[in-house]
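Take a look at the structure set out below.
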Amino acid sequence: MENSKTSESTMSVEYWLRWQVLVCALIFILPTAIAVVHLRKRGGGVRGTLKPADLWDPCWRNLHPRWLLFYRAFAFIAMAFFLYQTVAAFGFFVFFFYTQWSFALVMVYFALATIVSIRGCRIHGSKPTQNGESDKFLNKNSEEINHGTTSPSKGKEKKLELHRNQTPIIEQLRFLDNLLLIVYQTCAGAVMLTDLVFWCLLLPFMTGDNFKLTLLIGCMHSVNAVFLIIESALSRMPFTWFGLIYFVMWSCAYVVFQWVLHACCFTWWPYPFLDLSTPWAPLWYLALALVHIPCYGLYMLLMKAKYTALSGMFPHAFTVSPPNNQGNEATS
């Protein structure tokens with residue numbers, strides 16, 4: 001009977017015109033608008049001195065890039081297996097939860113990182129050969145011009161043709177680098193938020209016959225953070241406060257997704273603090289908006305501890321990235 005009342009209220013216009021609904025809408029619309037304006041002001045591309053090698057080269061001197069490739073591929077396969085087991089056990093209904101959104105996003109990150117690492121290993125293995133071929137081409141071209149076998153105009157045409165053939169590859173690399181960095185920084189905040197909310201806020205109040213903590217559920221709320229922290233310990237991926245914008249936009253997209261579902265007659269809230277029927281809803285939404293800062297800041301502290309602790313414990317094996325590399329920003 002109570003569910004039918006909730007269904008009728010969510011379908012009515014009066015429900016969506018309540019004061020708490022309008023306040024909650026402003027709480028997540030304003031940060032999203034500010035984030036979009038900030039992105040438009042910054043423009044596109046990667047800022048700072050970020051090198052493509054920073055995305056596939058390990059931060060350990062004696063570690064070959066292929067080992068980072070193997071780890072990323074293993075993490076992707078393992079997370080795909082856990083997600084498959086979850087969907088097989090509970091159905092696609094699990095994607096109503098923010099946990100599966102974040103888990104799938106981390107899996108997408110490792111898929112992209114694997115592709116970037118494959119490209120990086122090819123560059124790492126063929127870089128001397130490519131430089132030699134380029135020098136050989138330039139020397140041969142200059143010799144042909146000096147001996148009169150090739151006119152200067154034809155030599156320039158060959159150089160322009162070589163440049164045109166390389167241009168699409170460079171643009172593709174820039175797009176993949178930006179996309180990988182954006183997804184990485186979004187994942188960092190999302191996994192912190194997901195796991196902390198589950199273990200510290202939801203689990204203590206979910207002790208009943210309707211919920212049992214299984215190994216699969218525990219892995220879904222811990223493996224994502226473990227894999228990402230190990231990735232950060234192995235790679236040279238830069239991490240900046242600018243990525244907080246993408247993290248906020250990701251969470252706002254989930255809230256919009258839930259609101260659209262409930263506007264289409266879906267009556268059940270996956271998280272009780274998202275329920276708009278209570279007058280305490282604005283406080284819950286405000287708390288959720290503010291908690292993004294410490295969650296993202298916690299991962300920032302882990303990154304700073306990485307360079308401080310590992311460089312002190314392993315000064316000869318650990319490669320300290322230049323401080324200006326940590327100031328890079330990726331924008332869409």
Side-chain angles (χ1 to χ4, degrees), residues 16-52 54-55 98 101-102 104-106 108-109 112 171-194 196-197 228 237-263 271 273-274 276 281-304 323-332:
W16 294 103
L17 294 180
R18 292 179 180 180
W19 68 269
Q20 61 261 37
V21 176
L22 299 178
V23 173
C24 291
L26 290 176
I27 289 175
F28 74 84
I29 288 177
L30 287 178
T32 305
I34 294 173
V36 171
V37 171
H38 194 57
L39 285 176
R40 292 177 63 89
K41 287 182 178 180
R42 290 300 182 101
V46 178
R47 296 181 178 272
T49 58
L50 177 66
K51 301 176 182 178
D54 293 334
L55 305 182
Y98 187 81
W101 275 48
S102 300
L105 184 66
V106 178
V108 169
Y109 164 75
L112 294 174
E171 291 178 354
Q172 185 180 6
L173 297 183
R174 288 178 179 174
F175 171 76
L176 289 177
D177 293 342
N178 276 291
L179 181 60
L180 182 66
L181 188 56
I182 289 171
V183 175
Y184 170 70
Q185 294 179 341
T186 306
C187 289
V191 298
M192 292 288 106
L193 177 62
T194 299
L196 288 177
V197 168
L228 198 63
M237 292 288 296
F239 191 77
T240 69
W241 276 107
F242 190 81
L244 178 62
I245 292 177
Y246 303 108
F247 176 33
V248 171
M249 295 177 66
W250 173 257
S251 297
C252 289
Y254 176 78
V255 174
V256 171
F257 169 73
Q258 287 296 328
W259 282 33
V260 170
L261 286 180
H262 283 76
Y271 301 103
F273 44 76
L274 292 179
L276 296 170
L283 293 178
W284 279 114
Y285 275 76
L286 180 61
L288 288 174
L290 295 177
V291 81
H292 282 67
I293 299 176
C295 287
Y296 196 85
L298 178 60
Y299 207 92
M300 178 66 74
L301 290 177
L302 291 176
M303 293 296 294
K304 291 184 177 180
N324 55 356
N325 275 7
Q326 291 301 311
N328 292 300
E329 299 166 357
T331 56
S332 59

- Task: Dump the intermediate steps for side-chain contact (heavy atoms from CB on, under 4.5 Å) on M192 and Y296, then the final yes or no.
- Result: CA-CA 7 Å; M192 292 288 106; Y296 196 85; over 6 Å; no
- Task: Mind running side-chain contact (heavy atoms from CB on, under 4.5 Å) on V21 and L17 for me, showing each step along the way?
- Result: CA-CA 7 Å; V21 176; L17 294 180; over 6 Å; no
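Looking only at side-chain heavy atoms (C-beta outward), P238 and L55 come within less than 4.5 Å of each other. Using a 4.5 Å cut-off on side-chain heavy atoms (C-beta onward), H262 and L276 make no contact. Taking 4.5 Å as the limit, some side-chain heavy atom of L274 sits within range of a side-chain heavy atom of Y254.
Here the straight-line distance linking atom CZ of F242 with atom NE2 of H38 works out to 5.0 Å at 0.5 Å rounding. Separation of atoms CG (L298) and CD1 (I293) is listed at 13.5 Å; rounding is to 0.5 Å. Note that the CG atom of L288 and the CG atom of L193 stand 7.5 Å from one another [nearest 0.5 Å]. Distance check: L105 CG to W101 CH2 gives 10.0 Å after rounding to the nearest 0.5 Å. How far CG of L112 is from CG of D177: 11.0 Å, rounded to the nearest 0.5 Å. Remark: W284 CH2 to I27 CD1 distance equals 13.0 Å, nearest 0.5 Å.
Smallest separation of non-hydrogen atoms from A188 and V191: O-CG2, 3.3 Å. Nearest heavy-atom pair, Q185 versus G243, reported as atom, atom and distance to 0.1 Å: OE1-CA, 3.1 Å. The minimum heavy-atom distance between M303 and M237, with the atom names listed, is CE-O, 3.7 Å. Residue M249 comes nearest to L39 through the heavy atom pair SD-CD1, 3.8 Å, listed as atom of the first residue, atom of the second, then distance. Taking each heavy atom of C24 and Y285 in turn, the nearest pair found is SG-CD1, 3.5 Å.
One N or O on the side chain of D54 and one on the backbone of K51 form a donor-acceptor pair closer than 3.5 Å.
Partner of C187 under the side-chain contact (heavy atoms from CB on, under 4.5 Å) criterion, out of Y299, Y109, Y246: Y109 alone.
Within the 6.0 Å centre-distance limit, the rings of F28 and W259 are counted as a close aromatic pair.
Using cut-offs of 30° and 60° for the angle between ring planes, the H292 and F247 rings count as tilted.
The environment of CH2 in W250 is crowded: more than 12 heavy-atom neighbours from other residues, nucleotides or ligands sit within 6.0 Å.
Residues Y98 and S251 bring a donor and an acceptor atom of their side chains to less than 3.5 Å of each other.
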